[in-house]
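Encoded as structure tokens, the structure appears first; notes follow it.
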Amino acid sequence: NILHEATGTGIGTKGDTKTINISAISGGYSLTDTTHTGKIITYDAKTTQTRGNVVTSTSTLFNTTTQRAAVDAHYYADVVYDYYLNTHNRDSYNGKGAAVESVVHFDKNYNNAAWTGQYMIYGDGDGVTFSELSGAKDVIAHELTHAVTETSSNLVYENQPGALNESFSDVFGYFVDPDDWLMGEDIYTPKIAGDALRSLSDPAKYDQPAHMNNYQNLPNTKAGDWGGVHINSGIPNKAAYNTIQKIGKVKAEKIYYRALTQYLTTNSQFVDAKKALVQSATDLYGATEAAAVTEAWNAVGVT
Ligand SMILES: O=C(NO)[C@]12CC[C@H](CC1)C2
Ligand SMILES: [Ca+2]
Ligand SMILES: [Zn+2]
């Protein structure tokens, strides 16, 4: 029921004004961005655990308080879509122009966000640990990268492959949002300034290991976070930081994308990621860049 594409004005979760791609429908407008092969569509679950309904407005303004989370989810999804298309020539998360669907106000006080395999879900947070989780560009890039990973290497979400899955999402979160080495700083603990969920430059700042000597052998259970995927990601995150410091973001992101989509497989371990990245560096650039990757991983104890 799309009549034509239009340009809208939205207010985001930080009270900021953003220009968004919307569609004219009968009776008004919807958060449906048709400027790419894959439509970007944003839904409101209204605190249920369903996909809910597409967010609409009777005008091109999406400026109500309840629409703020949707405006950010919609806007940042477009930013990440553009990043993968323009930097890596990947059309949507699957490279085949899949629609990108996001759901906001998922569940009640939900302190999390995820890629469900069909769409992204964003909780509102409880206002203490998290504010609305679609309010951070690096988080949306993190979630959409889970979809990129799932449609390429499909690293299994447990133990070392799971920590790599998590790390690649954090690292592409940095590539999309390279203002800092932090993950989730814009939505984490809204009442406390200057902290973050994770740091790529200093994983230990937020209790993550930055070296294999501190690898956490946790049980492969929900309670063990599937073998500590969110804690052990500190080690490959630190290796990525080391790599970017040595060879720069432009080369590093090409090397990381090639490794993720051409070399890694479901059960790749840390040492396989090191090999994949060294091989990608050699393929794309040469011995200097390959040596930098080798040193970056040696420094975190993956030898
Ligand atoms: O690391 C994550 N998911 O695998 C997080 C946890 C809090 C932010 C939203 C989702 C990052
Ligand atoms: Ca950040
Ligand atoms: Zn994740």
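Read the numbers this way: they start at 1 and go in the same order the structure lists the ligands and their atoms.
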Open item on the list: Aromatic contact between Tyr83 and Phe175, with the criterion being ring centroids under 6.0 Å apart: yes or no?
Closed with: no
Task: Interfacing atoms of ligand 1 (cut-off 4.0 Å, heavy-atom, His142) - done: 1 (O), 2 (C), 3 (N), 4 (O)
Task: Tyr188 with Phe106, same ILVMFWY side-chain cluster at under 4.5 Å - done: no
Task: Atoms of protein origin (N, O or S) under 2.8 Å from the Zn ion (ligand 3) - done: His142 NE2, His146 NE2, Glu166 OE2
Open item on the list: Using the rule that Ile, Leu, Val, Met, Phe, Trp and Tyr join whenever any side-chain heavy atoms are under 4.5 Å apart, tell me whether Leu133 and Val128 fall into a single cluster.
Closed with: no
TODO: Check ligand 1 against Asn112 and write out every atom of the ligand that is under 4.0 Å from a heavy-atom position of the residue.
DONE: 6 (C), 10 (C)
Open item on the list: Between the side chains of Glu166 and Arg198, is the shortest nitrogen-to-carboxylate-oxygen separation below 4.0 Å, so that they form an ion pair?
Closed with: yes
Open item on the list: Testing the basics here: between Ala69 and Val104, what is the closest heavy-atom pair and its distance to 0.1 Å?
Closed with: O-CG1, 3.5 Å
Open item on the list: Whether Lys275 engages the ring of Tyr263 as a cation-pi pair (distance to the six-membered ring centre under 6.0 angstrom, angle to the ring normal within 45°) should be assessed.
Closed with: no
- [ ] Answer yes or no for Lys137 and Tyr76: cation-pi contact, defined as NZ/CZ to six-membered ring centre under 6.0 Å and angle to ring axis within 45°.
- [x] no
Task: Closest approach of any protein heavy atom to atom 10 (C) of ligand 1, naming residue and atom - done: Glu143 OE2, 3.0 Å
Open item on the list: Please verify the inter-ring angle class for His230 with Tyr157; under 30° counts as parallel, over 60° as perpendicular, anything in between as tilted.
Closed with: perpendicular
TODO: State the atoms of ligand 1, each with its element, that fall below the 4.0 Å cut-off from a heavy-atom position in Tyr157.
DONE: 4 (O)
- [ ] Show which atoms of ligand 1 fall inside a sub-4.0 Å distance from at least one heavy-atom site of His146.
- [x] 4 (O)
Open item on the list: Are Tyr93 and Tyr84, when compared by the centres of their aromatic rings, separated by less than 6.0 Å?
Closed with: no
Could you give the side-chain donor-acceptor pairs of residues 2-15 under 3.5 Å, partners two or more places apart or in another chain?
residue : atom : partner : partner atom : Å
Glu5    : OE1  : Thr34   : OG1          : 3.4
Thr13   : OG1  : Asp72   : OD2          : 2.7
Lys14   : NZ   : Asp186  : O            : 2.5

Task: Thr266 and Asn154 side chains, donor-acceptor separation under 3.5 Å - done: no
Open item on the list: Does any N or O of ligand 1 fall below 3.5 Å from an N or O anywhere on Arg198, backbone included?
Closed with: yes
Task: Pairing of Asp272 and Lys274 as salt bridge, 4.0 angstrom limit - done: no
Indicate every side-chain donor-acceptor pair of residues 40-47 with a distance under 3.5 Å to a residue at least two apart or in another chain.
residue : atom : partner : partner atom : Å
Thr42   : OG1  : His74   : ND1          : 2.8
Tyr43   : OH   : Glu101  : OE2          : 2.7
Asp44   : OD1  : Lys46   : N            : 2.7

TODO: Among all protein heavy atoms, pick out the one at the shortest distance from atom 7 (C) of ligand 1; state its residue, atom name and that distance to 0.1 Å.
DONE: Leu197 CD2, 3.4 Å
- [ ] If you have a sec, work out which protein heavy atom is nearest atom 3 (N) of ligand 1 and how many Å separate them, to one decimal?
- [x] His230 NE2, 3.4 Å
Open item on the list: Is there a side-chain contact between Phe270 and Pro236 in this structure, where contact means two heavy atoms from C-beta onward sitting under 4.5 Å apart?
Closed with: yes
Open item on the list: Using a 4.0 Å cutoff against the non-hydrogen atoms of Phe130, which atoms of ligand 1 qualify?
Closed with: 7 (C)
Open item on the list: Taking 3.0 Å as the limit, list every protein N, O or S atom around the Ca ion (ligand 2), by chain and residue number.
Closed with: Asp138 OD2, Asp180 OD1, Leu182 O, Glu185 OE1, Glu185 OE2
